[in-house]
A.B. asks: 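Once you've had a glance at the structure underneath, I'll fire off some questions.
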Amino acid sequence: RRRTGDAVSAEVIEPATAAGPATRPASGRRGVLEALAAALLFAAIAAAALWPVVSGRNSFFHIDLRYEHLPVWSATQRALLAGDSPWWIDGEYCGQPLLFIQEAPLFYPAMYPLLRTGLPVERLADVFSLLHFWLAGLAAWFLLREIAPEKTWAPIFGGVAWMLSARMVQNAIWPNAVAVCSLLPF
């Protein structure tokens, strides 16, 4: 119950201090061109930073991961290319269902087209991780462009920082983990 002299909780905004219209990211043709430029920039930076893997001299998959993931990818690829069902591997552990196995995430959108190319799985696994490094930078760029559209360089630096962050680099050897980390900004 209000009494005479009580303070009223309404805030008075003076015309000179009122916030202007919120800045929005570029849209239309300019927005598409900005996104393409960012995509090319992140691809170039990822290629330069991870050149030993891009060139094929090194691989993200080594030691036990080479013997854990790549045979499953290879068996899955053989089944897909032969037109057989990729849902079961006969020669591994007396038969193993691929439906819920982490080594070959068949329901992930990038996995099926990669395996259908017929390229060696050693390179496909690296391409999968490299693709997700690039996607991580681009996803962070989109996020930061929405958060701070008036800042020109913040989305670029943020995208590079996330793309080459310790979280992304340490997950490069785990296809599922690098994929999830790259999609976090979305």
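The figures here come from the full heavy-atom set of this structure, side chains too, leaving out hydrogens, waters and symmetry mates. Since the structure is predicted, the reported quantities are computational estimates derived from the model, not experimental observations.
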A.B. asks: Partners of Ser74 by side-chain hydrogen bond (donor to acceptor under 3.5 Å, both in side chains), sequence neighbours excluded?
C.D. replies: Arg78
A.B. asks: When hydrophobic residues are tied together by side-chain contacts of less than 4.5 Å, even through go-betweens, does Leu33 share a cluster with Ile156?
C.D. replies: no
A.B. asks: Evaluate the ring planes of Tyr108 and Phe128, with Trp represented by its six-membered ring, and classify them as parallel (under 30°), tilted (30 to 60°) or perpendicular (over 60°).
C.D. replies: perpendicular
A.B. asks: In terms of hydrophobic clusters joined by side-chain contacts under 4.5 Å, are Val54 and Leu40 together?
C.D. replies: no
A.B. asks: So do the side chains of Met163 and Phe42 get within less than 4.5 Å of each other, counting heavy atoms only?
C.D. replies: yes
A.B. asks: Could I get the full list of side-chain hydrogen bond (donor to acceptor under 3.5 Å, both in side chains) partners for Arg30, not counting sequence neighbours?
C.D. replies: Glu34
A.B. asks: Please tell me if the side chains of Phe61 and Pro175 come closer than 4.5 Å, counting only heavy atoms from C-beta onward.
C.D. replies: yes
A.B. asks: Under the side-chain contact (heavy atoms from CB on, under 4.5 Å) rule, what do Met168 and Ser182 come out as? Steps first, then yes or no, please.
C.D. replies: CA-CA 7 Å; Met168 287 297 298; Ser182 70; 4.2 Å; yes
A.B. asks: So, for Trp162 and Phe142, is the gap between ring centers shorter than 6.0 Å?
C.D. replies: no
A.B. asks: With a sphere of 6.0 Å drawn around CZ of Arg167, does it hold more than 12 non-hydrogen atoms of other residues, nucleotides or ligands?
C.D. replies: no
A.B. asks: List, by chain and number, the other hydrophobic cluster members for Leu143, where Ile, Leu, Val, Met, Phe, Trp and Tyr join if side-chain heavy atoms come within less than 4.5 Å, directly or indirectly.
C.D. replies: Leu144, Ile147
A.B. asks: How about Gln77 and Leu124: do any of their side-chain heavy atoms sit closer than 4.5 Å?
C.D. replies: yes
